[in-house]
Amino acid sequence: MLADQLKITQADAFVLYLKAHFYHWNIEGPNFPQYHDFLQNFYQDVFASVDSIAELIRTLDVYAPGTLSRLQSLTNIEESEVIPDAMTMVKNILAQNNVMLETLKKGYDMAEEEKQFGISNFLQDRIQAHEKHGWMLRSITK
Ligand SMILES: [Fe+2]
């Protein structure tokens, strides 16, 4: 069901946002300012998408999830309390960005199938945004 997939998408975006913000706070190293700012741009974009995804769920007349425990049970994004070195943080965000992309693509296919073109259009934009994030994250790791 499309609404269920959107709930997973909302949870993924929220947990990915939080992970990037967590790393923004705790990253260390000689390139701290660049990493700190890069992560801020990332988490701000992803956080902004959470509200839009939740409102799409409401357009389907389904209630959007809104507790940490519920979002945690829905998400595919891997959480960790460990604070690794900067490069490991970037690689971790890159891997989870790929998880986010898989979730978005699955939702896109379902939306197209159900002729929910407003929703597929939004998901397409998010796929593009996360592909751009992926390019930047990959470039840092090279
Ligand atoms: Fe900050």
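Read the numbers this way: they start at 1 and go in the same order the structure lists the ligands and their atoms. Sequence positions, counted from 1, serve as the residue numbers for this chain.
Take a cut-off of 2.8 Å around the Fe ion (ligand 1): the protein N, O or S atoms inside it are His24 NE2.
Between the OG1 atom of Thr75 and the CG atom of Leu68 there is a distance of 12.0 Å, given to the nearest 0.5 Å.
The side-chain contact (heavy atoms from CB on, under 4.5 Å) test with Asn76 is passed by exactly one of Val15, Leu16, Asp12: Asp12.
Nearest heavy atoms, Arg126 versus Ser49: NE-CB, 3.5 Å.
Ring pair Phe14/Tyr17 is perpendicular by interplanar angle, where above 60° counts as perpendicular and below 30° as parallel.
Scored by the side chain to side chain donor-acceptor pair (under 3.5 Å) test, His24 finds His36 as partners (sequence neighbours excluded).
Remark: Gln44 CD is packed, more than 12 non-hydrogen atoms of other residues, nucleotides or ligands lying under 6.0 Å away.
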